[in-house]
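What follows is a short report on a single structure.
All values below were derived from every heavy atom in this structure, side-chain atoms included, with hydrogens, water molecules and symmetry-related copies excluded.
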Amino acid sequence: MEKLAVVSSSQLFDMLSSAELLCLAELAEQRDYTAGEVVFEEGELGDSLYVIVRGELEVVRREEDSPPRALKVLGPPEFFGEMSLIDKEYRSATVRARTDAQLLRLTAQHLATFRQEYRDGFTFIVINIARSLSARVREANAQLGARRP
C-alpha cells in the first residue's frame with residue numbers, strides 16, 4: 001500500500017502541501033481488520049482517527065430495548081473517529097468492518113507531532129474536520145426534517 005497516495009486522496013487532507021502529506025503518510029499506522037471485527041466501541045475513550053484504504057465499515061449505535069442500529073456505511077477514502085480528537089469525549093458509536101478492511105490510523109500524538117512542524121497544515125486538517133462535521137449535521141437535519149409528518 002502506498003500510504004502517500006491514500007493520504008493525498010482523503011478530503012481530510014485537502015489544502016496540504018506535498019511535504020505535509022508526506023509527513024502524515026510517514027506518521028500513519030496501517031491497520032488491517034477482518035469482516036465483523038470492531039475498530040472501536042461506542043463509549044470508549046478515543047485517541048485516534050482513521051482513513052479507509054479499502055473495504056467497507058459500518059457505524060453502529062446502541063439503542064435502548066432494541067438491537068444496535070447501523071447508521072452509515074463508509075468506504076475509501078472516507079475518514080472517521082475524528083470527533084473524539086476534537087472534543088476529547090467518548091466514542092459516540094461503534095465502528096466495525098463489514099468486509100475485510102485496511103485503514104490508516106493517526107493518533108492524537110501523531111497529530112501533535114505534525115502540528116509542531118506544520119502549524120498551517122494542522123489548521124487545514126481542523127478546518128477539514130469542521131467541514132465534515134458540518135456536512136454530517138446538515139445531513140442529519142435533512143433526515144429529521146424528512147421524517148416529520
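- Side-chain atoms of S134 never come within 3.5 Å of backbone atoms of A130 as a donor-acceptor pair (strictly under, hydrogens ignored).
- Expressed to the nearest 0.5 Å, how far CG of L111 lies from CZ of F122 amounts to 6.0 Å.
- With hydrogens and angles ignored, the 3.5 Å screen pairs a side-chain donor or acceptor of D100 with a backbone N or O of A35.
- Nearest heavy-atom pair across S10 and P77 is OG-O, 3.6 Å.
- Residues F79 and S132 are in side-chain contact: their nearest non-hydrogen atoms beyond the backbone lie under 4.5 Å apart.
- Of all heavy-atom pairs between G55 and P76, the closest is O-CD, 3.4 Å.
- Atom CG in L16 sits 6.0 Å away from atom CG in L24 (nearest 0.5 Å).
- Checked for salt-bridge contact, R91 and E44 miss the test: no charged N lies under 4.0 Å from a carboxylate O.
- Side-chain atoms of E26 do not come within 3.5 Å of backbone N or O of C23 as any donor-acceptor pair.
- The NZ atom of K3 lies 8.0 Å from the CG atom of L27; values are rounded to the nearest 0.5 Å.
- Looking at heavy atoms from C-beta onward, L85 lies out of side-chain contact with L106 at the 4.5 angstrom threshold.
- A continuous path of Ile, Leu, Val, Met, Phe, Trp and Tyr side chains, each step under 4.5 Å between heavy atoms, connects F114 with L21, placing both in one hydrophobic cluster.
- Side-chain atoms of T107 do not come within 3.5 Å of backbone N or O of D47 as any donor-acceptor pair.
- A salt bridge is absent between E37 and R31; no separation between the charged side-chain nitrogens and carboxylate oxygens falls under 4.0 Å.
- Here CD of Q102 is found 5.0 Å from CZ of R54. Values are rounded to the nearest 0.5 Å.
- Under the 3.5 Å distance criterion, the side-chain polar atoms of E42 are matched with a main-chain donor or acceptor of R62.
- We find the CG-CD distance between L12 and E78 to be 12.0 Å, quoted to the nearest 0.5 Å.
- Side-chain contact between N128 and F13: absent, with no pair of heavy atoms (C-beta onward) separated by less than 4.5 Å.
- Between Y33 and Y50, the ring planes lie perpendicular to each other; the angle is over 60°, past the 30° to 60° tilted range.
- Looking only at side-chain heavy atoms (C-beta outward), V7 and V51 stay at 4.5 Å or farther from each other.
- The line from CG of L104 to CD of Q30 is 7.0 Å long, rounded to the nearest 0.5 Å.
- Side-chain heavy atoms closer than 4.5 Å link hydrophobic residues (I, L, V, M, F, W, Y) into clusters, and following such links, even through other members, never connects V60 to F80.
- Under a hydrophobic clustering in which Ile, Leu, Val, Met, Phe, Trp and Tyr are joined whenever their side-chain heavy atoms come within less than 4.5 Å, directly or via other members, V59 and Y90 fall into different clusters.
- Sparse packing is recorded around CD of Q11, with 12 or fewer heavy atoms of other residues, nucleotides or ligands lying under 6.0 Å away.
- Without hydrogens or angle criteria, E20 side chain to G121 main chain gives a donor-acceptor distance under 3.5 Å.
- No hydrogens or angles considered: nothing links the side chains of H110 and T113 as a donor-acceptor pair under 3.5 Å.
- The cluster map of Ile, Leu, Val, Met, Phe, Trp and Tyr, joined by side-chain heavy atoms under 4.5 Å apart, puts V95 and V73 in different clusters.
- Hydrophobic clustering (ILVMFWY, side-chain heavy atoms < 4.5 Å, transitive): L133 and I125 are in one cluster.
- Judged purely by distance below 3.5 Å, without hydrogens or angles, the side chains of E41 and T94 pair a donor atom with an acceptor atom.
- Using a 4.5 Å heavy-atom cutoff, the side chains of S92 and R61 are in contact.
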